[in-house]
Number of protein chains: 2
Amino acid sequence: MSEKLSTQPYKGTRDFYPADMRLRNWFFGVIRRVLETSAYEEYNGPMLESLEIYAAKSGEEIANEQTYNFTDRADRRLAIRPEMTPTVARMVAAKMGELNFPLRWFSFPNMYRCEKPQRGRLREFWQVNVDIFGCDGFEADLECVASAIRLLRAFGADESMFAVHISNRRFFNDAVSAIANTDAEDCRKISKVVDKRNKIPHEVYAKELGALGMTEEQIARLDSLYSATVEEATAVCPESVGSAELLQLFEMLKRIGLADYCVFDFGIIRGLDYYTGTVFEVYDKAPENNRAMFGGGRYDNLVGLFVNNGKISGVGYGLGDVTLENFLTTHHLIPATFGADRKVLITRFADVPYEHYMLLQNRLHENGITASVYLGMKKFGKQIDYAVKEGYTHVITLGGSELEKGVVRLKELSTREELELTVDEAIARLK
Amino acid sequence: MSEKLSTQPYKGTRDFYPADMRLRNWFFGVIRRVLETSAYEEYNGPMLESLEIYAAKSGEEIANEQTYNFTDRADRRLAIRPEMTPTVARMVAAKMGELNFPLRWFSFPNMYRCEKPQRGRLREFWQVNVDIFGCDGFEADLECVASAIRLLRAFGADESMFAVHISNRRFFNDAVSAIANTDAEDCRKISKVVDKRNKIPHEVYAKELGALGMTEEQIARLDSLYSATVEEATAVCPESVGSAELLQLFEMLKRIGLADYCVFDFGIIRGLDYYTGTVFEVYDKAPENNRAMFGGGRYDNLVGLFVNNGKISGVGYGLGDVTLENFLTTHHLIPATFGADRKVLITRFADVPYEHYMLLQNRLHENGITASVYLGMKKFGKQIDYAVKEGYTHVITLGGSELEKGVVRLKELSTREELELTVDEAIARLK
């Protein structure tokens, strides 16, 4: 037994000690309140799914390269979920006849991505997923973008801190067709190049588009769209349904007072093949953290992978805990303490029978007061040190002489004020 | 695309639709409140762990047979956690110098067990794990048993519905030694037979003990312990530390008023090899569901697997969501509704510009009222049907004529009472 096991968590995963957990519970709590106030309902699904549901629509790359996958004893190919959308589409498909559409759903799943960990991207992460199912109109796209803004605003963030970059896949295809006269497959290939434009030198970008048959003049026209307003950009393909959708969405965002948060961005593609209409990404505006934090969009065909006549459209987004924490830290939006409630440590003396402490603890619990007996037997000073380190606000002392007199001593740790009280009086004071 | 993917979740796992999720959130919410009131702190750890931490102490059987395990690209052998205790022991070991002992910790992890699903045992489950670290004395054992009772009582369960069966591993070893004059290894083998006594015919049980060298008379003496009181049983080995621990624990349980919930049971072993002292299992008393629901005990050597001088003792238990739900259902302890709060659907008419609905929704949210605009455009009657099915309590109507008059119509769905009000009046009424 001299060979010791490693105490480190698996690479790219985290241990959540109580302080870490309080932070995560705080920010998921804020999100839950916002979503529940907007009548979203929580769901969850299994951590393991059949690998094929990712292969079918998220693209082979994600399915094979980016998931932890393996074969079970019955030879089923399984993956640890790398994202939630295929699961929720499967769940909607399974109960299509019973569900009451439109649905507003959310979830806080943990998931795994099999890749090299880097800033903001770990192998295990938690993500709030928000989806609306069964509404084909602009109303769902609008609500989806508005809810993303609502979430960040609930933390105190405003338009100086983040922006929602919006585009539309239908518009994108029509604009590219209008400029380069391409078919759907070429268009998809061009979208992959556009998607990585910010990550590669412009020469490489132009060369890749050239290899797809675009002329220099066409590339220049495409380039001009990146700085275009939504009105200028949609003028390239005015007949496009996608153009109409974009204009309507921006008009509605303006009318409900969210224009300052939103910007048209031709470069927003979203890597996943399943998006069909509106796509958006939320950017952190801080110079030191200027990047897409999260995004989402409309996917109209995903439920159809599971059932015939599965024409249920979806619009949604997912926001990871690591990204959110980086954003809140960057903008100093994390409070110093979370609900520092009163919390009472009952210190212990050897000359008092132990049941008195346990029964006193019960009395406090029954009155809704967070309390615990010091476990074990150490010197009084050590017990007080323990209380201070653990964030207890009060200490109750019950020694032999207090027991005889039928009282306790209640001490407030911040003021060091100490009072001799009956248990009832102490409870009344603590309440 | 005519070949459709299955809509079923992976065998032994569950989809949690909103109604299922409300139930789970309700019972984990009750548990969280009870534990937090007793000053327990929440933690969590990664879903994937190195396989060796299970092999090292949970026994090879669990590690290899009962986990989902695989090798990652860097050839690390990983397992999806089948239980939480090795993770929490690793976490405690990693920060042993910084942590403020004793710790009272809890967690709600999801985990996977690779076995045939059966009633009360699924492949994926959630479990509340409660552990106390760093208290060697009876106080931690007592608090641990008391907290298990507190949890079930918080749901309205009482001593007519469940019982805590208690024994002690040290006592067991000493009692078996006293009866059969065995060494530690034989004792361990005998414990495996005792552990399955209720699942096998008595002849098989007696034969297996005989094969381990026990005489018929010794087996008869062992048998008599199953119906013994704690005083009778401990008389077999009165000098045993385990006997003293058992007697003290039962005495304390009596003094703090929990004797009616607790019973000595020689047959309680707990399969896992890591237990060293007190062991207990909580039994459902319902005739139709009479079985061990969950259990735990003291494990003094687990942290030591990770660090030298890692002498941090632990006492803990874990309670699975499937088991808890079965228990609550059996005893009719699940309320018909969970917090049926007021929830307002804003119905929609085509002749009113949509921003009015979104802005009204914002007003309600700002006042803390759960509200949503009906997404899409259907006939009024269909929108009302939707509201009823989704559990909305109120409907707000804002048509063209209301808009002109600057009012809305607020309808309470249960009474069908409808009032024409200004938005401020409606908000005041809903608050």
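Per chain, numbering begins at 1; letters A, B, ... match sequence-line order. These numbers were taken from a predicted model, which means no experiment stands behind them.
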Please find the pair of heavy atoms, one from [X] and one from [Y], that lie closest to each other, and give the distance.
{"X": "A/Glu52", "Y": "B/Leu5", "answer": "CD-CD2, 3.6 Å"}
{"X": "A/Phe306", "Y": "B/Ser6", "answer": "CD2-O, 3.4 Å"}
{"X": "A/Ile256", "Y": "B/Met358", "answer": "CG2-CB, 3.6 Å"}
{"X": "B/Gly376", "Y": "A/Cys135", "answer": "N-SG, 3.8 Å"}
{"X": "A/Ile80", "Y": "B/Ile80", "answer": "CD1-CD1, 4.4 Å"}

Could you tell me which portion of [X] (side chain, backbone, both or neither) has an atom closer than 4.5 angstrom to a non-hydrogen atom of chain A?
{"X": "B/Asp72", "value": "side chain"}
{"X": "B/Ala146", "value": "side chain"}
{"X": "B/Met91", "value": "both"}
{"X": "B/Arg76", "value": "side chain"}
{"X": "B/Leu345", "value": "neither"}
{"X": "B/Ser107", "value": "neither"}

Quick one: does any side-chain atom of [X] pair with a main-chain N or O of [Y] as donor and acceptor, under 3.5 Å?
{"X": "B/Glu124", "Y": "A/Met47", "answer": "yes"}
{"X": "B/Tyr112", "Y": "A/Leu48", "answer": "yes"}
{"X": "B/Asn100", "Y": "A/Lys389", "answer": "no"}
{"X": "B/Tyr17", "Y": "A/Leu99", "answer": "no"}
{"X": "B/Lys4", "Y": "A/Gly304", "answer": "yes"}

*Could you please spell out the steps behind the side-chain contact (heavy atoms from CB on, under 4.5 Å) verdict for A/Asn44 and B/Trp126?*
CA-CA 12 Å; A/Asn44 207 338; B/Trp126 272 257; 4.2 Å; yes

By a 4.5 Å heavy-atom criterion (distance strictly below it), what part of [X] contacts chain B: side chain, backbone, both, or neither?
{"X": "A/Arg255", "result": "both"}
{"X": "A/Arg150", "result": "side chain"}
{"X": "A/Asn25", "result": "side chain"}
{"X": "A/Asn110", "result": "side chain"}
{"X": "A/Lys95", "result": "both"}
{"X": "A/Leu364", "result": "neither"}
{"X": "A/Gln8", "result": "backbone"}
{"X": "A/Phe101", "result": "backbone"}
{"X": "A/Ser50", "result": "neither"}

When only pairs under 4.5 Å are counted, which of [options] shares the most heavy-atom pairs with chain A?
{"options": "B/Gly391, B/Gly45, B/Ala371, B/Gly137", "result": "B/Ala371"}
{"options": "B/Glu49, B/Met252, B/Arg73", "result": "B/Arg73"}
{"options": "B/Pro102, B/Gly257, B/Ala89", "result": "B/Pro102"}
{"options": "B/Met377, B/Arg348, B/Arg123", "result": "B/Arg348"}
{"options": "B/Arg14, B/Arg33, B/Arg104", "result": "B/Arg104"}
{"options": "B/His365, B/Gln361, B/Glu41", "result": "B/His365"}

_chain B interface, residue from A/Glu65, A/Lys343, A/His356 that has the most non-hydrogen pairs under 4.5 Å_ = A/Glu65

*Is a side-chain donor-acceptor pair under 3.5 Å present for A/Asp20 with B/Tyr43?*
no

Salt bridge check: are [X] and [Y] linked by an N-O gap of less than 4.0 Å?
{"X": "B/Arg90", "Y": "A/Asp15", "result": "yes"}
{"X": "A/Arg22", "Y": "B/Glu42", "result": "no"}
{"X": "A/Glu355", "Y": "B/Lys254", "result": "no"}

*Parallel, tilted or perpendicular for A/Phe138 and B/Tyr354, by the 30°/60° rule?*
perpendicular

Any non-hydrogen side-chain atom of [X] less than 4.5 Å from a side-chain atom of [Y]?
{"X": "A/Thr370", "Y": "B/Glu36", "value": "no"}
{"X": "A/Ser372", "Y": "B/Ser38", "value": "no"}
{"X": "A/Tyr68", "Y": "B/Leu78", "value": "yes"}

*Evaluate whether atom CZ of B/Arg24 has more than 12 neighbouring non-hydrogen atoms of other residues, nucleotides or ligands under 6.0 angstrom away.*
yes

*Could you give me the CA-CA distance, side-chain angles and deciding distance for B/Thr7 and A/Val307, then say whether side-chain contact (heavy atoms from CB on, under 4.5 Å) is met?*
CA-CA 8 Å; B/Thr7 60; A/Val307 280; 4.2 Å; yes

*Kindly indicate, with the supporting measurements, whether the criterion side-chain contact (heavy atoms from CB on, under 4.5 Å) is fulfilled by A/Glu143 and B/Leu375.*
CA-CA 9 Å; A/Glu143 166 59 26; B/Leu375 288 173; 4.1 Å; yes

